[in-house]
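Reading through the structure tokens given below for one structure.
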Amino acid sequence: MFTGIDEVDWAALRHAYGSAEDVPGMLRGLASADPAEREIALDGMYGAVHHQGDVYDSTLACVPFLFALAGREGVPDRCGIVELLVSIGGDGGAELLGGSQAMAHTAVRASAGVFARLVGDPDAGVRRAAAGAVVRFLDEPARVLGLLRERITVERDDGVLLALTESLGLFARRHPGQAAGALDLLTTQSASPYGPGLRIAALGQLAACAPDRLPADLVDTVVRLLRDRSERRPVTPDEPDRPDTNTLVGRLRRLRPSDEEGSQLLRTLHTALGSRVEDRIGLLCGQLTSPDPVDRCNAVWMSTKLFGEWRADYSEPVALIGAQLCADDDRLREAAVSALTGLVDVARPAADDLHTLVASRPDLWVQQWAHGLPSLGGPLKVLAQTGDPRAVPVLAEVLEGPAVPHDLGQVIPYMGRAAAPLAPAFRRRLEELPLDCPESHERATSLLLALRVLHDRECVPGVLRLLLGTPEEARLRDVVVENSVRTLGSLGSAAQEAIPALRGLLEGESAVAAADALWSLAADASAVLPVLLRELTFDNARRRSAAADVLARLGRAAHPALPGLLPMTETGTVWERMAAACAIWRITSEPDPALTVLRGAWAENPYTRLTIAERVAAMGTTGAPLHDLLRAELSSVRRHQATSEGFGQGVFADEQLLRVCREALKGG
């Protein structure tokens, strides 16, 4: 297996952490009789030689030895070695890759005949890993399909059969001109007498490759098969003993779902169904009403990607996720809380169940950590994010407790006027903060946010104490100062006593925030305009953008800033261009430059769309030329921050965007 290994000048080769002279030890460790040593060696291969998918010269040098290990029947855990080889080879052709990754793909493909032999290996784990490898790297489609067809007829291991089914789908996608045979096999596997797991797997592959071959009653069929599969699944999975090593490989293994196979089956089907959101909601609801808590837990985790990627009415699945909060299964309850976090208004159908859990479990109100400050407990945080007023008395109790979560103030913007009774407690907590304690500065930002949102006019002395008393050397001082200034600015005439302190900040890092606050308190252009003009000249995109935003508030009084703003509309970041263009519109009342820049930014960067929609709404009828963008957004079923890879995020921001678009169209 290791013939020639000592002839390689490993010290001259590199991996993620420098010299590759330790690689021969890792390779030999993969063949060790000690399971822990094998796992540590595999962890080292992923952690250094193939770190985060990168390919180094040492990675290429390892390929022949990895193939030798994979092909030797006496070596344990060879399935992990095959999976490593597949990862090194990459998931695209050499022509789609570049540099060392293309070389790695070529090297793995050159020995793909080994995978063809391993498809029939005595070790089921090896056969399972080799099934996909042979499709990816053996450049003989007819031979590959023949191997898969042959193995399906003789294979008896359910896990390998599932891998073969996935490989048929992969084959059909990679070789569409020769896919008919693979699709016929998948169609056969999707019906009786095959078992429920294999049938779900086949349906998932057909959904991706040939949706016209799916049954008309797909949702009912899959839900029925899922429950049939659950009834057959053993209570305790038949897992081999594994070493308890402190490695990434070991941690990932321990974090796998208790029914990893079922999770993968449904994930594959959901992904393949894509924009068929109604079918996916139906599947989720079927899973969430399953008698099996494992199926319900898988459904909860499945929901996050759907909610984050597509727009729809999720009232029913959200309510069903809320119903999991009363489960005795801690893992299921925690999964439900996690899935509801960040949904904000979308989570409201679960509010009653959230309140029941919060009321019955005070121990969940605050999350204590071994290191770091306590944070708001998940159930209470989600209840507050829905804006439910029943969260207010609980938050009041938490505020009176000995350990106030550092992030408690962050939920107040979601509460609206219902949180007004909490203002005195937030004010008192701010006044009690010791100014020389490092932890105080992290807590202060959250408290200031709450007081700013609650528009607490009596907090001015406490904010000034923090602003003027925070030590110069304090960690996060700039953040504390800027948030203090913003809070004072939000209070308008109630913060007149802060004007001298704000004037003293016009020369520092917080100059823009101070100028903004001063304009709110005194509307004195002669004091703030020179500061903002100076900020436009700095080589700092964030400060220039912030200055432009404040200049927009000054309106016609900011006319001297036009020479500095005009160049910003054509250069710099998309945020700079937007800020400058909108400032010019506010100053000159000429909308054309702003409309042109905003239209370009909308297409260039989806993350700008909420800001753009808000500015179009502020324009009133002047913004009508951009209403086509808002109407197109409202007609899209895909969330604006979902990526081309299908990752979704920012449900709250997307729901805000939709609301602002509707308001702008209604008002314009």
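Note that CG of Leu273 is 6.5 Å distant from CG of Leu283, once rounded to the nearest 0.5 Å. The CZ atom of Arg199 sits 13.0 Å away from the CG atom of Leu226 when rounded to the nearest 0.5 Å. Between Met103 atom CE and Ile88 atom CD1 the span is 13.5 Å, to the nearest 0.5 Å. Atom CG of Leu332 sits about 8.5 Å away from atom CG of Leu325, to the nearest 0.5 Å. Distance check: Glu316 CD to Cys285 SG gives 3.5 Å after rounding to the nearest 0.5 Å. Expressed to the nearest 0.5 Å, how far CG of Leu203 lies from CZ of Arg213 amounts to 12.5 Å.
Side-chain atoms of Ser58 do not come within 3.5 Å of backbone N or O of Val49 as any donor-acceptor pair. A donor-acceptor contact shorter than 3.5 Å links the side chain of Asp407 to the backbone of Leu376. Between the side chain of Thr608 and the backbone N or O of Asn605 there is at least one donor-acceptor pair closer than 3.5 Å. In this structure, Arg280 contributes its side chain and Gly274 its backbone to a donor-acceptor pair below 3.5 Å. No side-chain donor-acceptor contact under 3.5 Å links Ser338 to the backbone of Glu334. Between the side chain of Glu140 and the backbone N or O of Ala142, no donor-acceptor pair lies under 3.5 Å. At least one donor-acceptor pair closer than 3.5 Å links the side chain of Tyr314 to the backbone N or O of Leu306. Looking only at distances, no side-chain donor or acceptor of His355 sits under 3.5 Å from a matching main-chain atom of Ala351. Under a 3.5 Å cut-off, the side chain of Ser167 and the backbone N or O of Ala131 do form a donor-acceptor pair. Between the side chain of Gln324 and the backbone N or O of Leu320 there is at least one donor-acceptor pair closer than 3.5 Å.
Summarising the geometry of Cys62 relative to Val23, their closest heavy-atom pair is SG-CG1, 3.3 Å, with the distance given to 0.1 Å. The two residues Arg149 and Gly181 have their closest heavy-atom pair at NH2-CA, 4.2 Å. Of all non-hydrogen atoms in Thr221 and Pro215, the two that sit nearest each other are OG1-CG, 4.4 Å. For the residue pair Leu183 and Cys209, the shortest heavy atom distance occurs at CD2-CB, 3.8 Å. The minimum heavy-atom distance linking Val82 with Ala130 is given by the pair CG1-N, 4.1 Å. Residue Pro317 comes nearest to Leu288 through the heavy atom pair O-CD1, 3.7 Å, listed as atom of the first residue, atom of the second, then distance.
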Given side chain to side chain contact (heavy atoms under 4.5 Å, CB included), test Arg143 with Leu138 step by step and report yes or no.
CA-CA 9 Å; Arg143 182 185 175 193; Leu138 188 59; 4.0 Å; yes

Run the numbers on Thr165 and Gln189 for side chain to side chain donor-acceptor pair (under 3.5 Å), then give the verdict.
CA-CA 8 Å; Thr165 300; Gln189 287 180 314; 3.2 Å; yes

Test Arg662 against Glu633 for salt bridge (Lys or Arg N to Asp or Glu O under 4.0 Å), laying out the working first.
CA-CA 10 Å; Arg662 295 187 191 100; Glu633 189 66 51; over 6 Å; no

Between Leu84 and Leu42, does the side chain to side chain contact (heavy atoms under 4.5 Å, CB included) criterion hold? Intermediate values first, please.
CA-CA 9 Å; Leu84 175 60; Leu42 185 62; 4.3 Å; yes

May I have the step-by-step check of side chain to side chain donor-acceptor pair (under 3.5 Å) for Trp310 and Ser275, ending in yes or no?
CA-CA 7 Å; Trp310 301 98; Ser275 62; over 6 Å; no

For the pair Val63 and Ser111, evaluate side chain to side chain contact (heavy atoms under 4.5 Å, CB included) and give the outcome as yes or no after the intermediate values.
CA-CA 9 Å; Val63 169; Ser111 298; 5.6 Å; no

Go through the steps for Val108 and Phe67 under the test side chain to side chain contact (heavy atoms under 4.5 Å, CB included), then give the verdict.
CA-CA 9 Å; Val108 173; Phe67 269 111; 3.9 Å; yes

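Between the side chains of Arg173 and Gln205, at least one donor N or O sits under 3.5 Å from an acceptor N or O. For the residue pair Ser290/Asp292, the side-chain donor-acceptor check at 3.5 Å is not satisfied. Side chains of Gln264 and Thr268: a donor on one and an acceptor on the other come within 3.5 Å. Side chains of Trp301 and Ser263: a donor-acceptor N/O pair is absent below 3.5 angstrom, by distance only. Between the side chains of His640 and Arg609, not a single donor N or O lies within less than 3.5 Å of an accepting N or O. Side-chain polar atoms of Thr289 and Arg227 form a donor-acceptor pair below 3.5 angstrom.
Separation of the His50 and Tyr56 ring centroids does not fall under the 6.0 Å cut-off.
A 4.5 Å side-chain heavy-atom check between Met45 and Leu27 finds at least one atom pair inside the cut-off. Proximity of Leu634 to Arg631: side-chain heavy atoms (C-beta onward) are nowhere separated by under 4.5 Å. Residues Asp139 and Val144 are not in side-chain contact: their nearest non-hydrogen atoms beyond the backbone lie 4.5 Å or more apart. Considering only heavy atoms from C-beta on, Ser303 comes within 4.5 Å of Ile321 through its side chain. With a 4.5 Å cut-off on side-chain heavy atoms, Leu357 and Cys326 do not count as touching. Looking at Gln52 and Tyr46, their side chains never come closer than 4.5 Å, going by heavy atoms from C-beta outward. A 4.5 Å side-chain heavy-atom check between Pro349 and Ser315 finds at least one atom pair inside the cut-off. Counting heavy atoms from C-beta outward, Ile152 and Leu168 have side chains that approach closer than 4.5 Å.
Salt bridge status for Glu166 with Arg128: absent, with no side-chain N to carboxylate O gap under 4.0 Å.
Every pair passing side-chain hydrogen bond (donor to acceptor under 3.5 Å, both in side chains) that includes a residue from residues 112-126 is listed here, sequence neighbours excluded: Arg78-Asp121.
Between His105 and Phe137, the angle of the ring planes lies from 30° to 60°, which puts this pair in the tilted group.
No more than 12 heavy atoms of other residues, nucleotides or ligands shown are found within 6.0 angstrom of CG on Asp328. Surrounding CZ of Arg72 are at most 12 heavy atoms belonging to other residues, nucleotides or ligands under 6.0 Å away.
Contacts of Gln385 classified as side chain to side chain donor-acceptor pair (under 3.5 Å), with partners at least two apart in sequence or in another chain: none.
Checking Arg348, Arg639, Arg311 one by one against Glu655, the salt bridge (Lys or Arg N to Asp or Glu O under 4.0 Å) holds for a single residue, Arg639.
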